[in-house]
Undergrad: 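The structure follows.
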There are 2 protein chains.
Amino acid sequence: MSLRHALLGVLTARPMNGYSLARFFAGSQNWVWSAPQSQIYGALKTMETSGLIDASREEGQNGLETKVYSLTDEGVAELTRWVSTSHAPAPTRDAFALQALYFDSIPAADARAVLEGYIRSQAQQLEEWERHRDALANLDTPLLQERLKSRPKGEHRRISRLKAHVFEGQILQAKARIDWAERALVLVGDAEGEDDEG
Amino acid sequence: MSLRHALLGVLTARPMNGYSLARFFAGSQNWVWSAPQSQIYGALKTMETSGLIDASREEGQNGLETKVYSLTDEGVAELTRWVSTSHAPAPTRDAFALQALYFDSIPAADARAVLEGYIRSQAQQLEEWERHRDALANLDTPLLQERLKSRPKGEHRRISRLKAHVFEGQILQAKARIDWAERALVLVGDAEGEDDEG
DNA sequence: CAATGCATGTAAGGGGTTACATGATTCT
DNA sequence: AGAATCATGTAACCCCTTACATGCATTG
């Protein structure tokens, strides 16, 4: 559902081809939406068919012919409409919380190892988000710079602050998860020597 | 992927039929995994085929014949294995953060309305999770009581604390989201009168 | 007798993942 | 010559959503 809006959002910064969009979304360790390459091309095709974006054949970086997509008026309107609308939250589906619900039924050492791995991956993600937040706050990302070219200078500070704040939100959540996991380590460790089936 | 493990986890408390499981997972406003009824029956069938659970025909609440599923040894082993293993975090896909990234391009009043709706829904979810956490801490949920029957009394307190802590984690995250959204309200409101395209 | 609850399923369609396939250009 | 990068796609499979379909039993 939202991949389309993510693509529309990126394309408001500047027109891009499928390959660049795919790189942006692939893995995407530091953004709020990710998608594999194979999904991008299909989505772009259906979005073109439904009139949200336009393709123009242009020369790529190496003289290769590429399809460069840009927003149509309809695409801009759809993004604006979507951003302005309240959407019901997606149903909860938290695999790690599910896993943690059954830590009481495995050896404490195993639960500790899983929690530590979780903390490591959250800490890494946290770092990446902090970097991205700082880059946005300093107007130091390529896409933001492109985007600001079509906005009056007086708005630049407000825009960069708003975008940085979105990643501040991700940061706060990652920190909450890390704090939680550290307290879980204590809870699990409490019963050292506890084993499997009781 | 994890619906199977969620089902295995619930079935460790007691054998259940598809209908009860469907009610448990449907909407599931206060648990960590949700799934619609239509998904449950299919998942149960494939899990039975792959030997994770066993079905036995028994009498339901009203003399109706129902299929009651219980874990096989293989099912227990699979759940234990899954819970004991570190899993890579799912790629980020945060629709609300995506939406918030473009609040700078809509009227501030619209952004405020969306944020307020978000805060309301998060606050509601928060309340439900707090109720559930408290119920677990007080050994006051039907499923936990069933589950504890097969565990030594000495472990009851530890188990209920661990489970309650999982929901404490959800609570902390919901609070972080609400705090974030409230600061976002200030940031957005800063530029009162700012409009659409600049 | 109608509505609600118990109980089990199917079907169609969309979204996401993994892997495969192809071809040109640039770098080493 | 071989590897990496640019560039665009396809195919199979699984998960999830929405909706439909059926039938028995209880309650008002």
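Excluded from the calculations below are hydrogen atoms, water molecules and symmetry mates; all remaining heavy atoms, backbone and side chain alike, are included. First the proteins, then the strands, lettered A, B, ... as listed; each starts at 1. Note that this is a predicted model, so its numbers are computed, not measured.
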Undergrad: Between B/H165 and A/L101, is there a donor-acceptor pair closer than 3.5 Å when you use the side chain of the first and the backbone of the second?
TA: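 Judged by distance alone, no pair lies under 3.5 Å.
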Undergrad: Can you check the B/L44 CG to C/dT8 P distance for me, whole Å?
TA: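 Rounded to the whole Å, the gap is 9 Å.
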Undergrad: Under 4.0 Å: is that the gap between some side-chain N or O of A/R23 and OP1 or OP2 of D/dT5?
TA: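 So the side-chain polar atoms of A/R23 never come under 4.0 Å of the phosphate oxygens OP1 or OP2 of D/dT5.
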Undergrad: For A/H5 and C/dG15, what is the distance between atoms NE2 and P respectively, to the nearest whole Å?
TA: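 Interatomic distance, NE2 of A/H5 to P of C/dG15: 11 Å.
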Undergrad: How long is the line joining CZ of B/R57 and P of C/dC6, in whole Å?
TA: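 Spelled out: CZ on B/R57 to P on C/dC6 is 19 Å.
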Undergrad: As a test of reading the structure: which of C/dT17, C/dG9, C/dC6 is closest to the side chain of B/L64, going by heavy atoms?
TA: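 For B/L64, the side-chain atoms sit closest to C/dC6.
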Undergrad: Please name the pair of heavy atoms, one in A/T85 and one in A/R81, separated by the smallest distance, quoted to 0.1 Å.
TA: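 For A/T85 and A/R81, the tightest heavy-atom pair comes out as OG1-O, 2.5 Å.
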Undergrad: To the nearest Å, give me how far apart CE (B/M47) and C1' (D/dC14) are.
TA: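 So the CE-C1' distance, B/M47 to D/dC14, works out to 15 Å.
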Undergrad: Would you kindly compare B/R93 and B/Q37 by the position of their nearest DNA chain C nucleotide and give the one closer to the 5′ end?
TA: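 Nearer the 5' end of the strand: B/Q37.
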Undergrad: Whole angstroms only, please: what is the CG-P distance between A/L7 and C/dG16?
TA: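 In whole Å, C/dG16 P and A/L7 CG are 10 Å from each other.
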Undergrad: Identify which nucleotide among C/dT8, D/dT18, C/dG16 has an atom closest to any side-chain atom of B/T66, counting heavy atoms from C-beta outward.
TA: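 Closest nucleotide among those given: C/dT8.
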Undergrad: Quick one: which of A/W31, A/Y19, A/W33, A/Y41 gives a ring-ring contact (aromatic ring centres under 6.0 Å, His included) with A/F25?
TA: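 So the option named by the test is A/W31.
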Undergrad: Tell me the side-chain hydrogen bond (donor to acceptor under 3.5 Å, both in side chains) pairs involving residues 137-149 of chain A, sequence neighbours left out?
TA: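 Listed once each, the pairs are A/T12-A/R147.
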Undergrad: Looking at the side chain of A/Y41, which of C/dT8, D/dT8, C/dT17 is the nearest nucleotide?
TA: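 Minimum distance to the A/Y41 side chain belongs to D/dT8.
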Undergrad: Of all the choices, D/dT17, C/dG9, D/dT8, which nucleotide is nearest to the side chain of B/K45 once you look at every atom?
TA: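 Nucleotide nearest to B/K45's side chain: C/dG9.
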Undergrad: State, to 0.1 Å, how close A/V10 and B/Y102 come at their nearest heavy-atom pair, and which atoms those are.
TA: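 Heavy atoms only, the tightest pair is N-OH, 3.6 Å.
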Undergrad: Contact list please: residues 9-21 of chain B against DNA chain C, heavy atoms, distance less than 4.0 Å, in numerical order.
TA: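 Heavy-atom cutoff 4.0 Å gives B/N17, B/G18, B/Y19.
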Undergrad: Using the closest heavy atom to pick a nucleotide of DNA chain D for each, name whichever of A/G42 or B/S38 lands nearer the 5' end.
TA: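 So the residue in question is A/G42.
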Undergrad: With the side chain of A/L3 defined as its heavy atoms from C-beta on, choose the nearest nucleotide among D/dC15, C/dG16, D/dT10.
TA: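 For the A/L3 side chain, the nearest candidate turns out to be C/dG16.
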Undergrad: Please report, rounded to the nearest Å, how far the P atom of D/dT17 is from the CD1 atom of B/I40.
TA: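 Result: 11 Å.
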Undergrad: To the nearest Å, how far apart are B/E65 CD and C/dG9 P?
TA: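 Nearest whole value for this atom pair: 11 Å.
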Undergrad: Check the side chains of B/E74 and B/T72 for a donor-acceptor pair under 3.5 angstrom, ignoring hydrogens and angles.
TA: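 Distance-only check fails for B/T72 and B/E74.
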Undergrad: Report the distance from atom CZ of A/F24 to atom P of D/dC6, rounded to the nearest whole Å.
TA: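 Value for this atom pair: 16 Å.
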Undergrad: Quick one: does B/H5's side chain have a donor or acceptor within less than 3.5 Å of a partner on A/L98's backbone?
TA: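 Between the backbone of A/L98 and the side chain of B/H5 there is no qualifying donor-acceptor contact (under 3.5 Å).
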